[in-house]
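Residue numbers start from 1 in every chain, and the chains themselves are labelled A, B, ... in the order their sequence lines are given, proteins ahead of strands.
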Amino acid sequence: MTKIAQVIVDVPTMQTDTPFTYLIPLSLAETVQTGMRVVVPFGGGNRKVQGFVLQVLEKTEEELTALGQLKTISEVMDLSPVLNGELLDLAEMMKQTTFSFKITCLQTMLPRVMRADYEKWLVIVDEIPEDIYEQVFHCLDEIPFQEAVSSERVGELKKLKRENKLEVRYEVKARNKKKMVQGFRSLLSFEQAEEAKEDLRKTAHKQRKLLALLQQLEDKVCTLVDANKKYQVSRGVIQKGEENGWLELVEVEVKRDPYAYHTFKPSQPLVLNDEQQAACQAITTHIHQQQHKTFLLQGVTGSGKTEVYLQGIAEALKLGKTAIMLVPEIALTPQTVHRFKSRFGNQVAVLHSALSEGEKYDEWRKIEKKEAQVVVGARSAIFAPLENIGLIILDEEHETSYKQEDTPRYHARNIAIWRGKYHQCPVVLGSATPSLESRARAHKQVYQLLPLTKRANTKATLPSVNVVDMREEITKGSMQSFSETLLEKVQHRLDRKEQVVLMLNRRGYSSFVMCRDCGYVLPCPNCDISLTLHMDNLKMKCHYCGHEENIPKECPICQSHKIRYYGTGTQKVEEELQQLFPTASILRMDVDTTRRKGAHERLLKKFGERKADILLGTQMIAKGLDFPNVTLVGVLNADTALNLPDFRASEKTFQLLTQVSGRAGRGDKPGEVIIQTFNPTHYAIEYAKNQDYELFYRHEMQMRHLGNYPPYFFTVQIVASHEQEEVAARKSFELVRYLKQQLTPQAIVLGPTPKAILRIKNRYYYQLVIKYKQEPELANALRTILETSQKDYRQGLKITIDIEPNSFI
DNA sequence: GCCATAGGTGAC
DNA sequence: TCACCTATGGCC
């Protein structure tokens, strides 16, 4: 019997999107297991690629010959599997539902560092002309392949390769480096150490201390850093110890712990009110009974959803089970992490984008080694390699960031429910403003609704909300960002030493440069969009392709010098605000001020300690902040999202306004919210003003029904892009024709239309949209499109399929 | 993604 | 007739 392995190779194409069979060499027969990463030779040149083992099988000699000529696995990259059976199955589901390659799905589930690094070298294997050896190879045996390609003598090198005098060598490099530090281990028994102590001179305190430490360690390893910090034994003393033969120096692995220098005060479960109690009960019953069910925990802001999560997780842990808690990236603040760490201590692993690649890898391994039972993280944390999951939670389930924007375009909510079914455990979707899809499913009893209607802090009442009609402010002649009403209210809070949060809707609020004489706006040379002014480095920047240029001094069209900054970035509003309230201390929070690691945390801490009066920021301040002294929240421009040509515009506006309003009056003092808008009668704003989700939901459902939008219809978006506009356009017309022919007459195929931003990075984008209720042939049609698109791809025509896209813009 | 191969083109 | 190009299929 011979062992063979089914391997998915790291070549993301349609034709290689299937398992390949490899022989397992005798030397690795006991090592190779399902779910491990391996290095295999692939293709004509036998270049080495990374692969994932899907299956290990044993074959007889006859069976083996029937399989034809097989290649052999070169090496294994892991000591133990990195993906278990569940995650391998999950990858298959993702591939099928997102129309992406298996390899891409597998890689998505692992920390980035576990993707291979490939290196290519050009190696001399036979005599080559002296001058090439000296000039190109610099008298070395091999050079990086890239160096050879960029050399002036590529032609000659190619010829030498054909004559087998040169060879290409491929290398697969593992990037998942463990962090190693110097440590030491005792070589003495307790008695020997005791004797050594006696031989010491009386004054040798430090060495005596070291010996005591060695006795305490027994055969454990101690790092030099720990010896210094915890036991005040310095490097020199340890070196002396080594010379004396007391200890040996060793390399030890340390886990990077991003929260090592934080202290977490343990917190106790809070007393739940009736509604929280009922919700918690429903969830824990399902944990106990090992029964899957999806719950929609709909609670007004401040209703204590988090405490329900915490107690649910505690229950899972009590049963020896594990739990995943997903939080949107921007809500994954130190405050949030703190709440979980202080309740569950170091059982918690945190996964989010602010961590370095190494830190992410270590947190991942902490989970994999079962050192952590609770995982708190953003979207990709849904793939945490936990076993025996008892509870999965998605907080702020309506957040669009739960859907990945590039392939595989999975939605964390779907993955969560899949894993919930696999582990037979409850899944809790929590939100104050659920997505229409989820709320409709709760209505149809697909999910079970758990309502929380009261604020947990009984003294805290829902804030009163006022809408200010900015059209009137304009006629009054005030050209500022602030209405008189808002200014009065801010002054009032400043007088009372209370705090204010002001939010700018980022979209449409970036600054651009316009000529006052001819109206010329500086465009990006690669994209159909205007450049944005960045004050931090005084450059004009394109938000889509990253193009940068200097701020023009004169208009390139009419040479006028009357070129001015338009629009209001947070910086400009900050200046305006400072002029109006010279004595107020203002904190600005936007991409510019939070770019540096930990800046986000520092700003919030400062505000929490009441070292500032006003917090001015973009959407990032709308979520999860809990500052009891904030009694006024102002939204400077509520409409910018409303005007987008997107069927979710109203929903997003309503959600944002409700979320940000929830930041006011979380303590004992009542809160107030001011919403400035040019559309005071729009239903999204009206219902947000009354904090009435139910009415908004009903109204919006009618709108969706009229427009044949989700949740009444399923949607698929297909985008074709090419450097030449007509190629992209022609392809999308062809796709529409094909789809109309494949689908039932009930399916609605819209388009093709040019995308809202036709050109990005010098590529033209055309899209088409399919709306449908039931289309048994759709999956097949999409798969066919994917297969045929492989050919187009070589001609530079890219086609992407997005199931249930976040927007059609 | 990359290589080997096939079939085409032009320069002599 | 060869050198060089691009388009295309296969990779275990």
Base of C:dG9, side chain of A:Arg794 - is there a donor-acceptor contact under 3.5 Å?
yes

From CZ of A:Phe20 across to C1' of C:dG10 the rounded distance in Å is 8 Å

### Query
Between A:Glu437 and A:Arg648, does a salt bridge (Lys or Arg N to Asp or Glu O under 4.0 Å) hold up when you go through it step by step?
CA-CA 11 Å; A:Glu437 284 88 338; A:Arg648 277 192 243 268; 2.7 Å; yes

- Query: Can you check whether A:Val123's main-chain N or O pairs, donor with acceptor, with A:Arg169's side chain at less than 3.5 Å?
  - Reply: no

note: A:Leu157, atom CG; C:dC4, atom P; distance rounded to Å ~ 13 Å

Taken to the nearest whole Å, CG/A:Asp10 to P/B:dC2 is 11 Å

Testing B:dC2, C:dC12, B:dA4 for proximity to the side chain of A:Tyr22, the answer is C:dC12

From the candidates B:dC3, C:dC12, B:dG1, the one with an atom nearest any side-chain atom of A:Tyr170 is B:dC3

In whole angstroms, the gap separating P of C:dA7 from CG of A:Asp792 amounts to 13 Å

For C:dA7 and A:Tyr793 - does any side-chain N or O of the residue sit under 4.0 Å from the phosphate oxygens OP1/OP2? no

Q. Parallel, tilted or perpendicular: which describes the rings of A:Phe42 and A:Phe20, with under 30° parallel and over 60° perpendicular?
A. perpendicular

**Asked** Counting only heavy atoms not in A:Asp141, do more than 12 sit closer than 6.0 Å to its CG atom?
**Response** no

note: A:Phe42, atom CZ; B:dC2, atom P; distance rounded to Å ~ 12 Å

A:Met14 CE to C:dG9 C1', in whole Å, measures 16 Å

A:Leu54 atom CG is separated from C:dC12 atom P, nearest whole Å, by 17 Å

Practice problem: Have a look at A:Lys120 and say if it touches a base, only the backbone sugar-phosphate, or nothing, with a 4.0 Å heavy-atom cut-off. | Solution: sugar-phosphate

inquiry  = If we ignore hydrogens and angles and just use 3.5 Å, is the side chain of A:Arg379 paired with the main-chain N or O of A:His411 as donor and acceptor?
reply    = no

Within the 4.0 Å heavy-atom criterion, would you say A:Tyr118 contacts the bases, only the backbone, or no part of the nucleic acid? nothing

Rounded to whole Å, the CZ-C1' distance (A:Phe145 to B:dC3) equals 11 Å

